[in-house]
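One structure is given here, and the rest of the page talks about it.
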There are 2 protein chains.
Amino acid sequence: MSYTYKYAKPAVTADCVVFALDEEDLKVLLIQRGQEPFKGQWALPGGFAEVGESLEDTARRELEEETGLKNVFLEQLYTFSKPERDPREHVITVAYYALVNLADHEVHASTDASNAAWFGIDDIPALAFDHDAILTTAHERLRGKISYQPIGFELLPEKFPLRILQSVYEKILDRDLDKRNFRKKILSMGILQELDEIETDVGHRAARLYRFNKQEYDRKVEQGFNFKM
Amino acid sequence: MSYTYKYAKPAVTADCVVFALDEEDLKVLLIQRGQEPFKGQWALPGGFAEVGESLEDTARRELEEETGLKNVFLEQLYTFSKPERDPREHVITVAYYALVNLADHEVHASTDASNAAWFGIDDIPALAFDHDAILTTAHERLRGKISYQPIGFELLPEKFPLRILQSVYEKILDRDLDKRNFRKKILSMGILQELDEIETDVGHRAARLYRFNKQEYDRKVEQGFNFKM
DNA sequence: TAAGATAGTGTGTAAAAAACACTATATCAA
DNA sequence: TTGATATAGTGTTTTTTACACACTATCTTA
């Protein structure tokens, strides 16, 4: 089977920069390429767009095929189109970034990619194509985004203590925050539901758990509320 | 001549939302389509990506071909990829937005498009494809962008009085600003060069002219200076 | 039961944003 | 030439927001 067009067409792919957090730092999910070009090298998960499928669908499909991840927070990042970015032919890639919480999403390399693994943001190996530039762009975007939109919850399990939420902000913004000021600000947004539950299995006083209140958040977005940190 | 590929490929276009300002309001440049589909309807200038050309180059090339505009401020906006957005086939479009000043750039429809004209942002006709959605996205982006990056100068001639610069902000943000606060803030950025010239041909006291100091601006960007309005 | 670890809480100070009004200088028309 | 009109240009006060800062409470573990 083959497809013939009157004009030459560039190819189109969707690539994903998947962020997660563990106790230590911000992580990025990479896959080890099973085919040429860049066979054996690490790269962002992603693949070719199919006709009839939106690029967000492409991104989600490839992400699941290559890493098993699905139902993640996903937003478009930027489209990279320099003709020389792929040695085979002109390939345009529409990059997305995703946020996942490690607790709910186990990662396993699927058939498409020979391997998948998390890497600390400061410990990224050499990447295939221009994926280092994509990753840098995504990291900058994440930093900028969290300052005026509460997306940090996407990196956490459903219930969490404020300490952990603060550490999300600290790891992404890469600076320490004042505990009292942080709590004041985040609670004043009115998008956290205080639960009648506390942490378990911690070697110190257990903290109260909170949950992100999406209904309230959506209502406030509607009203033009400002979520600036 | 034809091109054959092993896999089906979506087509790729670049479209431009070109903004300008006149005395009354914010304008958008549209072209009237000369071919089907949507023949005779208004649309954003743009066209198909060629292999070997970055999408920004595509956008600039099509813009010049269709409207005669070149050397404009241009930034990527968003990529639209719903398969049904073009009735012919699956066409992905990478949208850009451009800022031009009407004084320096005369617009003339070229061969590609049957007609080109400016429309007030509140007076846009029905548009081809999903171009209304693209335009809305661009307008929102422009509003957001000007609040933390001094791009308003791109819409003005080289020399301008502060009153006109203020009106740029007012028209884009769609609200009145306090003259004294505006002057304080914009001058404190230190990116305006005060000229030894004043307006001419005005029916009132003539105002001093200023010029955007790109060197200073670039220096301050380098240093991470914040241009928030 | 003492040591260690984190939870949880309020106030004062500094910086930034917003509100606000008058005098100066030019043009234009009578 | 003079009065009407139109915009230029200029500081201060008030309000809001951001930042700095330290102690007591509660739980765990040895």
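Just so it is clear, the structure is predicted and the values come from calculations on it, not from any experiment. Lettering of chains follows the sequences in order, A, B, ..., and the numbering in each one begins at 1.
With no hydrogens or angles considered, a side-chain donor-acceptor pair links A:Thr93 and A:Thr13 at under 3.5 Å. For the 3.5 Å distance criterion, the side chains of A:Thr79 and B:Thr79 qualify, holding a donor opposite an acceptor. For the residue pair A:Tyr97/A:Glu75, the side-chain donor-acceptor check at 3.5 Å is satisfied.
The pair A:Glu64-A:Arg60 does not count as a salt bridge, with every side-chain nitrogen at least 4.0 angstrom from each carboxylate oxygen. Ion pairing of B:Arg219 with B:Glu222 is absent here, as no side-chain N (NZ or NE/NH1/NH2) approaches a carboxylate O to less than 4.0 Å.
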Let me have a per-nucleotide readout for nucleotides 25-30 of chain D, 5' to 3', with B, S or -, counting only protein heavy atoms under 4.0 Å.
-> BBBS--
Go along nucleotides 10-19 of chain D 5' to 3' and tag each nucleotide: B for a protein heavy atom under 4.0 Å from its base, S when only backbone or sugar atoms are that close, - otherwise.
-> BBB------B
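Sorted by first and then second residue, the salt bridge (charged side-chain N to carboxylate O under 4.0 Å, His left out) pairs with a member in residues 149-170 of chain A read A:Glu158-A:Arg211, A:Lys159-A:Glu197, A:Arg163-A:Glu199; sequence neighbours excluded. Residue pairs satisfying the ring pair (Phe, Tyr, Trp, His ring centres under 6.0 Å) criterion with at least one member in residues 159-179 of chain A, sequence neighbours excluded, are listed as follows: A:Phe153-A:Phe160, A:Tyr169-A:Phe182.
Atoms CG (A:Asp176) and C1' (D:dC21) sit 15 Å apart, rounded to a whole Å. Atom CZ of A:Arg163 and atom P of C:dT9 are 15 Å apart (whole Å).
Rounded to 10 degrees, the angle separating the terminal axes of the helix from C:dT1-D:dA30 to C:dA30-D:dT1 is 10°, with each axis obtained from five end pairs.
Residues meeting the side-chain hydrogen bond (donor to acceptor under 3.5 Å, both in side chains) test with B:Tyr210, sequence neighbours left out: none.
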